[in-house]
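Working notes, beginning with the structure itself.
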Number of protein chains: 2
Amino acid sequence: MSGHYAIGIDLGGTQVRTALIDVDGKILKRASEPTRAKDGADVVIDQIVRLAACVSDGLQQAELAGAGVSSPGPLDTTAGVALGIPTIAGFAGYPMREEIGRRLSLPVALENDGIAAAIGEWTFGAGRGRDNLVYVTVSTGIGGGVIADGRVLRGRRGMAGHVGHMSFVQDGELCVCGGRGCFEAYGSGTAFAQRARAAALDDPSSSLNAVRGELSSEDVFGAAAKGDRLAQALVRQEAEILGRGFAALLHLYSPEVLVMGGGLSSQFGTLEAGIVQTMRVHAMPAFRDTPVMPAELGSNAGLAGAAVLAFERVRQAGRP
Amino acid sequence: MSGHYAIGIDLGGTQVRTALIDVDGKILKRASEPTRAKDGADVVIDQIVRLAACVSDGLQQAELAGAGVSSPGPLDTTAGVALGIPTIAGFAGYPMREEIGRRLSLPVALENDGIAAAIGEWTFGAGRGRDNLVYVTVSTGIGGGVIADGRVLRGRRGMAGHVGHMSFVQDGELCVCGGRGCFEAYGSGTAFAQRARAAALDDPSSSLNAVRGELSSEDVFGAAAKGDRLAQALVRQEAEILGRGFAALLHLYSPEVLVMGGGLSSQFGTLEAGIVQTMRVHAMPAFRDTPVMPAELGSNAGLAGAAVLAFERVRQAGRP
């Protein structure tokens, strides 16, 4: 069938992942390898092209609708240009859409990773059938994407939805974005683990104090599950921070559902009560009934969303 | 000409204002009176109906496209229902659109006052010709509205764009919304005047210390213009608070321009340098070139935006 498949490409700071995906969002083949993040744009584009060829091997060109790329920002998705990717060298002002399209001889859609994952969850995951949703990924950083009034919210240069960079604490911690006191600088998995490390040093009664090597989020959740008081307090605090940020996002975008993805969403069950309780305090009454749900597609949300965009591009090109 | 005029209605906590407006946004007639805010919904609706009749007197029904109402929220604009207006009694769960439509025998559009003003500035004011803009009104509170990707951002129940209720300070001041530490609780004209009152009491060297009666925003700007140090420091602090909030709004919505309206925008020239400087510090590089501009329509933005919605409704109804 013509254009029945798309190649989803998820460029991340640690892994380059590709998948062959059909129009129903089913992943048929996968390929991935560690991102050569320090070796420059040409090397990384080579990785993408090889992995894309790998999953589309044996298909006729006509069977492919195109490729969709989910990439860390900031991107100018209107122009198809990476403005600079903090975690991967060589992408400042790089014409990513054009370059990948030329190498693959396919139409390419380029999207911010937060928005791509939002589209994935909207089309195939926790946000199916909704006209309004906010997707928040809580991981190394905090990113996201917004669907509003049945459409993807893009804004100037496609840069809307940088939900991790609300100013959250006055004169607060320095954020990787260069600002101060951002939501990301408090709520991310990185910030959570840093708080835990500092607190563990000061509390010999906690099992976290005895962890060898670098204390991780998983260590804290593990200790909390076993009844460690300090770990439980840290988890409660993290839930409160997320709840306060999520309540702000309800006021800003008025979604029907807020979907939480990213590494920390694997502990959604543990965090949920604290998140919901804090949101009730901070959200205005008219917003309090908005549910918070865990993402359903896990780490495949970006791949799936990128594929959706590739199919979308073809449909739009076919319009009169 | 059929449907060449619309009635704009601006329901505020202190004034009910109506105007007859043509399709070019020109205000032809006006009427207003103080809102009888404590007397219940029936009395206020009577005010609206009388003032609307006043400005449309002598016109044929066919010459009127309809009426547009700008009202404080929270409203469910999808259903046309006021969910509760903190400053005007009697509007909890009140079917405002239906009731005003029935009394005027006209089609009525109902919109949140922040969004209505955003539409006014987008159509006739500082945001003309843009596809992406954020309008922020800084007055008694902080409200606003967002145009994204060439459309009004509405979200579930039309409640998107409550930009005053981002959590801004951890464990911060109680906000009128019931939350804590909101942008509004720090950046509004009310908060500015409260800070000034407290600071003036502690500083006998400032001319503000000698102000009789309740110290207002205008007093502070006036003293700052005359060189009063405390007043100048207060103005600088207010600009920093606004700049920090505005930078967050760039990340969240990625507008082409941020338009500042409301009472404090009359002092835009005084605040501008501090706002822009703070935004440069807090905004990520890709967002730093976004201009901040004062609103052009002043207190008429809501009236004009409400009229635009009335015309829009007719155009949409005429579509196949």
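These numbers come from a predicted model, not from an experiment. Excluded from the calculations below are hydrogen atoms, water molecules and symmetry mates; all remaining heavy atoms, backbone and side chain alike, are included. So that the names make sense, note that chain A is the first sequence line, chain B the second, and so on, each numbered from 1.
Your options are B/A148, B/A286, B/A248, and the one with the most heavy-atom pairs under 4.5 Å with chain A is B/A286. When the candidates B/G179, B/C177, B/A160 are compared by the number of heavy-atom contacts under 4.5 Å with chain A, B/A160 comes out ahead. Ranked by heavy-atom pairs shorter than 4.5 Å toward chain A, the options B/C182, B/A247, B/S167, B/G245 are led by B/S167. When each of B/H165, B/H282, B/R157 is scored by its heavy-atom pairs under 4.5 Å with chain A, the top score falls to B/H165. Listed options A/G181, A/G161, A/G158, A/G178 were ranked by heavy-atom pairs under 4.5 angstrom with chain B; first place goes to A/G161.
The backbone N or O of B/L252 sits less than 3.5 Å from a side-chain atom of A/Y253, completing a donor-acceptor pair.
For A/R130, no part sits under 4.5 Å from any heavy atom of chain B, backbone or side chain. There is no contact between A/L133 and chain B, counting heavy-atom distances below 4.5 Å. Contact of A/L153 with chain B is made through backbone and side chain together, with heavy-atom distances under 4.5 Å. Using a 4.5 Å cut-off between heavy atoms, A/V281 touches chain B through its backbone atoms (N, CA, C, O) alone. Using a 4.5 Å cut-off between heavy atoms, A/V146 does not touch chain B at all. Of the two parts of A/P74, only the side chain, counted from C-beta on, holds a non-hydrogen atom closer than 4.5 Å to a non-hydrogen atom of chain B. Looking at A/D149, the atoms closer than 4.5 Å to chain B (heavy atoms on both sides) sit in the backbone and in the side chain alike.
Note: A/F287 and B/H162 meet the aromatic proximity criterion, with ring centroids under 6.0 Å apart.
With a 4.5 Å cut-off on side-chain heavy atoms, A/M166 and B/H251 do not count as touching. Inter-residue side-chain proximity for A/R244 and B/R180 is flagged as unmet; no heavy-atom pair is nearer than 4.5 Å.
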Could you walk me through whether B/R156 and A/D289 pass the salt bridge (Lys or Arg N to Asp or Glu O under 4.0 Å) check? CA-CA 12 Å; B/R156 169 182 174 249; A/D289 59 347; 2.8 Å; yes
